[in-house]
Visitor: 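Can you keep this structure in mind? I'll have questions shortly.
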There are 2 protein chains.
Amino acid sequence: MSQQKVISLENIRVACRNCSLSSLCLPMGLAPDDVERLDEIVKRTRPLHRGDFLFREADRFRSLYVVKTGSVKTFAPSPEGGEQVLGFHLPGEVIGLDAIDKDMHACSAKVLETSAICEVPFTRLEELTATIPSLQHQMYRLLSKEIGHDTDMLLLLGKKNAEERLAAFLLSLSKRLHKRGLSATDFYLSMSRHEIGNYLGLAVETVSRLFTRFQDDGLMHVDRKHIQLLDVGSLESLVGGAGQNRRQQQQQS
Amino acid sequence: MSQQKVISLENIRVACRNCSLSSLCLPMGLAPDDVERLDEIVKRTRPLHRGDFLFREADRFRSLYVVKTGSVKTFAPSPEGGEQVLGFHLPGEVIGLDAIDKDMHACSAKVLETSAICEVPFTRLEELTATIPSLQHQMYRLLSKEIGHDTDMLLLLGKKNAEERLAAFLLSLSKRLHKRGLSATDFYLSMSRHEIGNYLGLAVETVSRLFTRFQDDGLMHVDRKHIQLLDVGSLESLVGGAGQNRRQQQQQS
DNA sequence: ATCTTCGCTTGATCCAGATCAACCGACGGT
DNA sequence: ACCGTCGGTTGATCTGGATCAAGCGAAGAT
């Protein structure tokens, strides 16, 4: 390049204490001094681009990763050669927690759009959590929250029909974006219809048809990746269940 | 009762250090002194019976529970009034991890057969993990393993057909029982067909038909709750995927 | 010992959503 | 500006497993 126009990396290396995500992320509820100590072990890498991997399945586990800006998908290979999308991760969300057990990543993480990522070496983090009770508690909560989220997905995949799944997906995105200060009703999807379908256990065609139907019903407006939710209340009642009275899955004692 | 034949509770209060499960359970990899400290906070309750609850959804979170003998199912209510079975828990398995985040149980836990359960007050455990690095690590691993297990279930519910699901379920039970020193090929189911179906996202009728089919195909022998696996290899190849060439779930880049 | 209940099995039918097929329009490359 | 690729949409058809229906045997209740 002819012109020496290097942008100082310092500009993107926002310390945790100045990060707008600190209330969602690891530092949540930490004393300023402790945030400082956490700050010291966090590595801030240059921005990653669409298609870049944070890690791949079977990689040695070294660090947790936190999305600072952008979005990431995680996915696991299924035995037949296909793959299962496990999640879409927005700013403030932590990735890699499933790798602690076997000290190896069981899934891959791929960046969906240009993203900034914080890397947190796990061994250092573990040392830190042993001396900062509130950080230890935060870690337990984080891991527990992930389990709770997976539980929600199990219920979704086990009991909900296509309509309910897509509505739940849209509302989940909406809520999470809103928490991050973005619009809850107007946003862009960084993932393809394929990926949405894969994530929800549906065929692409079904996802596409549902987008069309939801739009026809006035629930939302769709233009390619651009989504506008027009009737959040109705979407919520769709998820709620009674969508179309499928037989109640009863349970014996 | 006429005869004073009270069995001393001490007999069932096996300390962690003498428990056959210590290599699967929380004490895994701990130094004897640390096992001792863990032992001190564990409460051992009288045996629970079929139908008893360890906790219910929305209960305040106080303790983790570990199955010592018997089995437990966990399940979450689905909005429509039905429920989703989240898991069946065998000796050595820890229950309640999903409640840490919100300090409240999001699911219920019900005993499937007469069972002995260890209760571990979480606050005390947290104090302990802060001073015993290997216990802290064990806790992280435990939580992480749970996430990994949920991930497996997501793949199962998202990508596998009925046959693959049931085969995977049987093999999972088999493997876990074997780890606990029991037969991998001859065991009793403590849960009903209903519960199996609910867990796997299938109708009871489908589960029943598959049991019959597997038996007709010589893969197993079924007599009510009594299961004998006759051809583990074939069951494994069923799970492996190519079961019946359903279209490979491909993925775009 | 008899009744009742309930879990389970088996058969018949139905349907949500997968699969197959065709087309279209956006976008990146040359 | 043109082309080729690919993600997305829409229509037609197929099917795995749900739903509906009926009967059966084991275990608990009286």
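None of the values given here were measured: they were computed from a predicted structure. Only heavy atoms go into these numbers, but all of them, side chains included; no hydrogens, no water, no symmetry mates. Just so it is clear: chains get the letters A, B, ... in the order the sequence lines come, proteins before strands, and each one is counted from 1.
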Visitor: Distance check needed: C/dG28 C1' versus A/Arg50 CZ, whole Å only.
Guide: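 After rounding, the reported distance stands at 13 Å.
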Visitor: For C/dT10 and B/Thr212 - does any side-chain N or O of the residue sit under 4.0 Å from the phosphate oxygens OP1/OP2?
Guide: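 B/Thr212 to C/dT10 OP1/OP2: side-chain N or O found under 4.0 Å.
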Visitor: CG of B/Leu166 versus P of D/dG16: gap in Å, rounded?
Guide: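 Between P of D/dG16 and CG of B/Leu166: 17 Å.
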Visitor: Between C/dT9, D/dA26, C/dT19, which nucleotide gets closest to the side-chain atoms of B/Arg224?
Guide: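 It is D/dA26.
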Visitor: Measuring from the side chain of A/Asn161 (C-beta onward, heavy atoms only), which nucleotide among D/dT10, C/dG17, C/dT9 has the closest atom?
Guide: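 Within the option list, the nearest is C/dG17.
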Visitor: Can we say B/Glu236 and B/Lys175 salt-bridge, meaning some charged N sits less than 4.0 Å from an Asp/Glu carboxylate O?
Guide: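 Looking at B/Lys175 together with B/Glu236, the answer is no, because their closest N to O distance does not fall below 4.0 Å.
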Visitor: B/Glu205 has a side chain; which of D/dT19, D/dT10, D/dG8 sits nearest to it?
Guide: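 Among the listed nucleotides, the one closest to the side chain of B/Glu205 is D/dT19.
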Visitor: Less than 3.5 Å apart, any donor N or O on the side chain of A/Glu119 or A/Ser63 sitting next to an acceptor on the other?
Guide: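 Per modelled atom types, A/Glu119 and A/Ser63 side chains form a pair under 3.5 Å.
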Visitor: Take the protein atom CG of A/Leu202 and the nucleotide atom C1' of C/dT19, then report the distance between them rounded to whole Å.
Guide: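 For the pair A/Leu202 CG and C/dT19 C1', the rounded distance is 14 Å.
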Visitor: Would you say A/Lys225 places a side-chain N or O within less than 4.0 Å of OP1 or OP2 belonging to C/dA26?
Guide: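 Negative; the distance criterion is not met.
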Visitor: Would you call A/Lys159 and A/Glu164 a salt bridge, taking side-chain N to carboxylate O under 4.0 Å as the test?
Guide: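 Result for this pair is no, no salt bridge flagged.
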Visitor: Would you indicate, yes or no, if C/dA18 has its OP1 or OP2 atom less than 4.0 angstrom from a side-chain nitrogen or oxygen of A/Thr206?
Guide: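 Yes, within the criterion.
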Visitor: Give the C-alpha distance, both sets of side-chain angles, the deciding distance and a yes or no for salt bridge (charged side-chain N to carboxylate O under 4.0 Å, His left out) between A/Arg180 and A/Glu93.
Guide: CA-CA 11 Å; A/Arg180 286 154 184 79; A/Glu93 294 176 347; 3.3 Å; yes
Visitor: If you pin B/Arg193 and B/Arg209 to their nearest nucleotides in DNA chain C, which one's is more 5'?
Guide: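 Per heavy-atom nearest nucleotide, the more 5' residue is B/Arg193.
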Visitor: Can you measure A/Asp223 atom CG to D/dG8 atom C1' for me and round it to whole angstrom units?
Guide: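 To the nearest whole Å, that distance equals 12 Å.
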Visitor: Nearest-Å distance, CZ (B/Arg213) to P (C/dC8)?
Guide: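 Checked: the CZ to P distance equals 19 Å.
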Visitor: Quickly work out the A/Asp216 CG to D/dT9 P distance and round it to whole Å.
Guide: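 Distance, rounded to whole Å: 12 Å.
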Visitor: Under a 3.5 Å cutoff, is there a donor and acceptor pairing between the side chains of A/His89 and A/Thr74?
Guide: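 Side-chain D/A pair, A/His89 to A/Thr74: present.
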Visitor: Between A/Leu189 (CG) and D/dG7 (P), how many Å, whole number?
Guide: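 Rounded to whole Å, this separation is 15 Å.
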Visitor: Tell me: NE2 of A/His194 to P of D/dT9, nearest whole Å?
Guide: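 From A/His194 NE2 to D/dT9 P: 12 Å.
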